[in-house]
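To keep things clear, I will list the structure first and then write my remarks on it.
What you see is a predicted model, and the numbers here were worked out from it, not measured in a lab.
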Amino acid sequence: MKQHQKKGAKPDVPGVIAGTVLTGAATIWMLTDNGILQTDDLGVTSALLLVAAGIVGLAASNRS
């Protein structure tokens, strides 16, 4: 009989990126709603959110 080696589950890279973006967007909304972030800062924070999502996606894709 053949023995199958169990490989680790491959990460769902689009799911990881979508989760990072949604969590970041919710955090930005919460900080803006509570007055911690100003509307002038939204461009920078949105760009940082997208960069962070890209880094997380690259890290998750390297695991596969």
Side-chain angles (χ1 to χ4, degrees):
M1 281 195 190
K2 288 184 180 179
Q3 289 185 353
H4 295 285
Q5 291 181 353
K6 242 186 184 180
K7 291 185 178 181
K10 290 186 178 181
D12 179 25
V13 176
V16 170
I17 292 173
T20 304
V21 170
L22 289 175
T23 303
T27 304
I28 289 171
W29 171 77
M30 181 184 65
L31 292 174
T32 304
D33 197 45
N34 288 324
I36 297 170
L37 278 179
Q38 302 300 319
T39 2
D40 299 339
D41 302 332
L42 288 180
V44 174
T45 50
S46 300
L48 290 174
L49 170 63
L50 292 175
V51 168
I55 290 171
V56 168
L58 285 174
S61 68
N62 277 344
R63 292 191 52 164
S64 58

Testing the basics here: between [X] and [Y], what is the closest heavy-atom pair and its distance to 0.1 Å?
X: Ala60; Y: Val16; value: CB-CG1, 4.3 Å
X: Gly19; Y: Thr23; value: O-OG1, 2.7 Å
X: Thr45; Y: Ile28; value: O-CD1, 3.8 Å

Enter the distance from [X]:[atom1] to [Y]:[atom2] here, rounded to the nearest 0.5 Å.
X: Ile55; Y: Ile17; atom1: CD1; atom2: CD1; result: 11.5 Å
X: Ile36; Y: Asp41; atom1: CD1; atom2: CG; result: 12.0 Å
X: Asp33; Y: Met30; atom1: CG; atom2: CE; result: 9.5 Å
X: Leu42; Y: Trp29; atom1: CG; atom2: CH2; result: 13.5 Å

- Is Leu37 linked to Leu48 within one hydrophobic cluster, defined over Ile, Leu, Val, Met, Phe, Trp and Tyr using a side-chain heavy-atom separation of less than 4.5 Å? no
